[in-house]
Amino acid sequence: MPEKKPTTVKPTGHWSRVTGHGSQLNLAVQIGTLRLKNPVTVASGTFGHAEKYYDLEEVKKLGALVPKTVTLHSREGNPPPRILETPSGMLNAIGIENPGVDGFIEKKLPALRRIGIPLFISILGHTDEEFETIVKKFTKEGGADAFELNLSCPNLKQKILVAQDPQATRRVVAKVKAIARVPVIAKLAPNVTDIGEIAQAAVDAGADAISLINTFSAMAIDVRTRRSVLGNCTGGLSGPAIRPMAVHMIWEVAQKIKIPIIGMGGIMTAQDALEFLIAGATMVAVGTANFINPRAPLEVLEGIVEYMRKNKMNDIKDLIGSLKI
Amino acid sequence: MHKIQNKFPIAANERLCPRFYRLAVDAKSILKSIRPGQFLHIRVTDGLEPFFRRPFSVYRAKKFVEILYEPIGLGTRLLAEKKPGEFLDILGPLGNHFTAPPKGTKQVWMVAGGIGLAPFLFLSDELKHKGYELILFYGGRSKGHVFPMKEFKNNGVKTWIATDDGSIGVKGWVSELFRTLDPNPTTTMVYTCGPHAMLASVQSFVKARGLRCEASCEEVMACALGACLGCSIPTVNGYKTVCYDGPVFDIAEVVFS
């Protein structure tokens, strides 16, 4: 297992330009009014303590960061066990443990800001008003370059997710859009009959982009004790096990809507990420892979560049939605 | 993207007794920075099964960085097949560490159950020649889980052994070895590591006698970096992550269910 020599990705004054072999690649993408230097980010809840563990010069190469979801009030999360490895995947029921919006702004945001790349702040309100209050607090304090509305966490014991109801999706997105001064992204659930209908509701309400997909509702049982393995009984499945389903949903939605899609669901490698881009995602988010290989987001970025060079593509837009049928 | 992700070559991977293996990696870049109680998060396969990395307490950081493990699940069985010269993708050192015995400590107890023995050779490396009386109470399932522990003895550690089946040492749990003892709480420091049930019994023992005690806890981990919040355990101060807030906790703080 020899050390793999990393591909060099160097910005040359323009964030979006990558040099090498005499050619220039344009990797820049647009989410609403926000321009990102490249299409690679991380999925919410999979990236933490950057200042302690990461080489920030490397983190800075990503297009954006998405921190763990913030709620209005602090949440202690679900009882353990909270995670379980499954075939090619991970089952989790963390339960949005977070310090609440005030705690996040005070304790976590400053270090994230210092990294210096755009932050998509993932937020979750238990009511429409909570969504609005969180947005107002960030608007006052600054620090959010976009909001990703978590309408789809399966681990909070709700009867129905916002993202399982087109009307609720439309209502929440519209309310946040009315007050947010930065782009608004709706993160949707895969646990629906018609993902196109929900995506359309978010578009109608003015969403600037859609994140697809959150985890699949799932569970595992310990046959010895005949109890559910997770403390929360059910959880959400992520990792390569769900990737083909995620790719399919992105392809399906990309044909129906015109706004950008941030694609995620089991991306481990650049090859995986390329599937999402070709299916129609404008950006890709690396999630569970961060737990296995913390360098995965960078390797994905490097691999996309390599692929574009090999295929003589100058602009990431030539790749997005380039599926041949 | 990581400051602490490295690929290190395996220097040795050998069986110490029927159940336990010792794996050493040549990891000079991290060797000196590791403290007793910290752990490594090891990727045992380039494939997807098993999916998570595996956390291991550091057994020793002298010439090589060593771990002690028991091939029991898929991850540790794959580890047992690794040959010297192969490279391992390792995150670490991670987590906090045991704190030094408080001033006035004369006797240091190390209470270990099964593979929970792992952090204590490193701790005894650190505490030897400092005037402490070092005592290891070790409980294993059977004699297959016991090895000569020469390295402990070389550090001047007195070793007491119990096995569940009595095949070697005292028959019963490790607590059989010390339950009738009444150590002086102002001069004794206890460190412990092992299964939850054992830690819970150590907790009630030290509480009844007013002893100071630090416990190294174990949980299934995904990231081991404090990001996923998957390895949280209940404490009197709310949930805390074993990987980032721990793995070492004041035993009075932990709630064993």
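Convention: sequence-line order gives letters A, B, ...; per-chain numbering from 1. These numbers come from the heavy atoms of this one structure, side chains and all, not from hydrogens, waters or symmetry mates.
For chain B, the nearby parts of Ile292(A) are the backbone and the side chain; heavy atoms of each come within less than 4.5 Å. Heavy-atom distances place no part of Pro81(A) under 4.5 Å from chain B, backbone and side chain included. Heavy atoms closer than 4.5 Å to chain B are found in the backbone of Thr46(A), but not in its side chain. Both the backbone and the side chain of Pro79(A) come within less than 4.5 Å of a heavy atom in chain B.
Residues of residues 74-85 of chain B lying under 4.5 angstrom from chain A, judged on non-hydrogen atoms, do not exist.
Smallest separation of non-hydrogen atoms from Glu76(A) and Tyr239(B): O-CD1, 3.1 Å. Met90(A) approaches Ala222(B) most closely through the heavy-atom pair CE-CB, 3.8 Å. Nearest heavy atom pair, residue Ile94(A) against residue Gly230(B), reads CD1-CA, 3.6 Å.
The environment of Arg227(A) atom CZ is sparse: at most 12 non-hydrogen atoms of other residues, nucleotides or ligands sit within 6.0 angstrom. Heavy atoms from other residues, nucleotides or ligands lying under 6.0 Å from CD of Glu14(B) number more than 12. Residue Glu70(B) qualifies as enclosed at atom CD: its count of foreign heavy atoms under 6.0 Å is above 12.
Put simply, of Ser232(B), Cys231(B), Gly226(B), the one with the most heavy-atom pairs under 4.5 Å next to chain A is Ser232(B). Chain B forms more heavy-atom pairs under 4.5 Å with one residue of Ala93(A), Ser88(A), Gly95(A) than with any other, namely Ser88(A).
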**Request:** Evaluate side chain to side chain contact (heavy atoms under 4.5 Å, CB included) for Tyr53(A) paired with Leu91(B), printing each intermediate quantity in order.
**Result:** CA-CA 10 Å; Tyr53(A) 288 132; Leu91(B) 296 180; over 6 Å; no
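Of the residues listed (Leu84(A), Val229(A), Ile83(A)), the one engaging Val220(B) in a side-chain contact (heavy atoms from CB on, under 4.5 Å) is Ile83(A), and it is the only one.
Side-chain atoms of Arg82(A) come within 3.5 Å of backbone atoms of Leu229(B) as a donor-acceptor pair (strictly under, hydrogens ignored).
Distance check, rounded to the nearest 0.5 Å: CZ of Phe51(B) to OG1 of Thr86(A) gives 7.5 Å.
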